Amino acid sequence: MSWIREGELNLIEKLSANILKAGPMPKHVAFIMDGNRRYARKRQVERQEGHTQGFDKLAETLRWCLNLSIHEVTVYAFSIENFKRSKDEVDGLMELAKQKFIRLLEEQENLEKHGVCIRVLGDLTLLPLDLQQHIARAVVATRTHNKCFLNVCFAYTSRHEIANAVREMAWGVEQGLIKSSDVSEALLSRCLYSSNSPNPDLLIRTSGEVRLSDFLLWQTSHSCLVFQSVLWPEYSFWNLCDAILQYQLNHRPLQKARDQHREGQALQQHEADRACVADLLQHHRNGKPLDAQRRQEALLNYTASREERVQDFLGALQALVRSGTDVGRLGLS
């Protein structure tokens, strides 16, 4: 099965899609694709067949999203917690993932036609080496595509992601790339695996479970959360439309909350910069006051230098990633 199933919506689906698109549409949708094992039990087939059917449903769902002008999708493919399952099931999932990434490399022409960029988010060092290599080839092969984005969270949990971001910032402070006063909520967001993506507008979980299972906890604080009872391999276009309708009904308060949070972040950063400038002036001028214009100039200079430090730090992190070095395993003295 292809990563993106070819085909158009039927007439009724097209009509419904056009009606939905008259309202506010989510640009980024995240899925917790739950229910593959229960689907297998329900159909009395092997667990592996349930997981295979789940991947096929992802390919179909991506087609629906493209037809609905949803240009970014993030999926919870494999949690770090899943390593606690039976060895046979974990080995089967690793083999399925390897087959699918090999298939991805075989259908680059189709992915290029749709402009699909594949990103894999998680601690890939936990995966078998051959799977790491196939993932790396797939990511490199599609990295210049920019029409739509598929983020596959593999060997991922949100707490692991946040802890890794904290380690990276601590490393930056220890290396003298940033100051401890540069550490902020905004900087942590820029150190997450998902830093290249906007936060999801809509998160959908299937199978009737009403928990996030350690998925995108930081990124979905102002997202619309929709829990649906359908098992993932049985997911339909109409289930997706229902979730989008729920997003539209809640769009205004969600947007207001996002705007307020963004304004609050900017104000918090401004106040932190002012406090740092005040401390510097107190130290260097022995308590002698500066006029308002010079204080403003000092604030602007400090803000520019902070952003320059942050950019240099993020550049250093990217260089480490390209070299294959894991900051989380560097150790802090």
Side-chain angles (χ1 to χ4, degrees), residues 17 19-33 61-62 64-66 68-76 117 119 121 146-153 156-166 168-169 182-206 210-228 239-274 303 306-307 310-311 314:
I19 292 171
L20 275 178
K21 287 193 282 188
M25 289 292 290
K27 297 179 178 63
H28 181 184
V29 178
F31 291 93
I32 300 177
M33 307 178 293
T61 303
L62 291 175
W64 299 332
C65 287
L66 287 175
L68 287 164
S69 301
I70 297 168
H71 295 296
E72 185 147 8
V73 171
T74 298
V75 296
Y76 204 1
C117 175
R119 301 174 180 141
L121 314 180
N146 58 12
K147 290 182 183 177
C148 55
F149 301 90
L150 172 61
N151 306 310
V152 181
C153 292
Y156 173 94
T157 65
S158 190
R159 285 175 293 181
H160 192 87
E161 176 185 34
I162 293 168
N164 183 69
V166 171
E168 288 180 345
M169 292 188 295
D182 297 333
V183 174
S184 66
E185 180 183 331
L187 180 57
L188 192 148
S189 293
R190 296 167 78 174
C191 292
L192 296 175
Y193 299 141
S194 61
S195 60
N196 290 323
S197 298
N199 290 337
D201 301 297
L202 170 64
L203 183 146
I204 299 168
R205 178 167 188 158
T206 58
V210 288
R211 53 194 171 88
L212 295 180
S213 296
D214 215 347
F215 180 55
L216 301 181
L217 301 180
W218 184 274
Q219 297 90 333
T220 56
S221 58
H222 298 101
S223 303
C224 180
L225 309 181
V226 175
F227 301 97
Q228 298 177 305
N239 294 130
L240 179 57
C241 289
D242 175 65
I244 293 171
L245 183 59
Q246 292 189 53
Y247 165 79
Q248 291 179 336
L249 292 172
N250 291 281
H251 176 261
R252 184 168 295 180
L254 286 168
Q255 188 60 50
K256 182 179 179 180
R258 280 193 289 265
D259 291 343
Q260 288 176 338
H261 180 257
R262 189 161 43 247
E263 291 168 5
Q265 264 195 326
L267 179 61
Q268 187 178 45
Q269 186 64 70
H270 180 72
E271 292 301 323
D273 286 348
R274 283 185 60 184
T303 301
R306 172 181 54 76
E307 187 56 35
V310 166
Q311 291 297 338
L314 295 173

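This structure is a prediction, so every number in the text was calculated from the model and none was measured.
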* Asked: Is there a donor-acceptor pair closer than 3.5 Å between any side-chain N or O of Arg306 and the backbone N or O of Asp182?
  -> no

* Any sub-3.5 Å donor-acceptor pair from Arg258's side-chain atoms to His222's backbone N or O? -> yes

* Heavy-atom neighbours of Arg274 CZ exceed 12 at 6.0 Å -> no

* Asked: When you check the side-chain N and O atoms of Arg262 and Gln265, is any donor under 3.5 Å from an acceptor?
  -> no

* Asked: Between Asp259 and Lys256, is there a side-chain N and carboxylate O pair less than 4.0 Å apart?
  -> no

* Asked: Can you name the side-chain contact (heavy atoms from CB on, under 4.5 Å) partners of Arg252, sequence neighbours left out?
  -> none

* To do: Apply side chain to side chain donor-acceptor pair (under 3.5 Å) to the pair Glu161 and Gln219, showing each step before the final yes or no.
  => CA-CA 11 Å; Glu161 176 185 34; Gln219 297 90 333; 3.2 Å; yes

* Using the side-chain contact (heavy atoms from CB on, under 4.5 Å) rule, take His261 and Ser221 through it: C-alpha gap first, then chi angles, then the decisive distance, then the call. => CA-CA 10 Å; His261 180 257; Ser221 58; 5.6 Å; no

* Aromatic ring pairing Tyr156/Phe215, orientation class (parallel under 30°, perpendicular over 60°, tilted between) -> perpendicular

* Sidechain N-carboxylate O distance under 4.0 Å for Glu72, Arg119 -> yes

* Asked: For Met33 and Thr61, what are the C-alpha separation, side-chain angles and deciding distance, and is it a side-chain contact (heavy atoms from CB on, under 4.5 Å)?
  -> CA-CA 11 Å; Met33 307 178 293; Thr61 303; over 6 Å; no

* Structure fact -> Output for pair (Leu203 CG, His28 NE2), nearest 0.5 Å, gives 9.0 Å

* Between Val226 and Tyr247, is a side-chain contact (heavy atoms from CB on, under 4.5 Å) present by the stated rule, with each step listed? -> CA-CA 8 Å; Val226 175; Tyr247 165 79; 5.9 Å; no

* **Between Trp218 and Ser158: side-chain donor-acceptor atoms closer than 3.5 Å** => no

* Could you tell me whether the side chain of Gln228 and the main chain of Ile204 form a donor-acceptor pair under 3.5 Å? => no

* Side-chain contact test, heavy atoms from C-beta onward, threshold under 4.5 Å: evaluate it for Cys117 versus Asn146 and give yes or no. => no

* Between atom CG of Leu225 and atom CG of Leu212, what is the distance when rounded to the nearest 0.5 Å? -> 6.0 Å

* Rounded distance [0.5 Å steps], CG in Leu202 versus CZ in Phe31 -> 7.0 Å

* Got a donor-acceptor contact below 3.5 angstrom from the His251 side chain to the Pro24 backbone? -> no

* **Over 12 non-hydrogen atoms of neighbours within 6.0 angstrom of NZ in Lys21** => yes

* Results of side-chain contact (heavy atoms from CB on, under 4.5 Å) for Ser195 - residues two or more places apart only -> none

* To do: Examine distances only and state if a side-chain atom of Thr157 and a backbone atom of Asp214 form a donor-acceptor pair shorter than 3.5 Å.
  => no

* Answer whether the closest heavy-atom distance between the side chains of Asn151 and Ser194 falls below 4.5 Å. => no

* Atom pair CE (Met25) and CD1 (Ile70), whose distance is rounded to the nearest 0.5 Å -> 4.5 Å

* Asked: Distance from Glu185 atom CD to Gln269 atom CD, nearest 0.5 Å?
  -> 10.5 Å

* Counting N and O atoms only, with roles assigned by atom type, does the side chain of Asn199 sit under 3.5 Å from a partner on the main chain of Thr220, one being a donor and the other an acceptor? -> no

* Close side-chain approach of Cys148 and Leu66, heavy atoms under 4.5 Å -> yes

* Asked: Under a 4.5 Å cut-off applied to non-hydrogen side-chain atoms, are Pro200 and Leu216 in contact?
  -> yes

* Structure fact -> Interatomic distance, CD@Gln268 vs CG@Asp273, rounded to 0.5 Å, equals 11.0 Å

* To do: Decide side chain to side chain donor-acceptor pair (under 3.5 Å) for Glu307 and Gln311; before the verdict, give the C-alpha distance in whole Å, the side-chain angles of both, and the deciding distance to 0.1 Å.
  => CA-CA 6 Å; Glu307 187 56 35; Gln311 291 297 338; 2.9 Å; yes

* **Heavy-atom check, side chain of Cys65 versus side chain of Leu240, under 4.5 Å** => yes

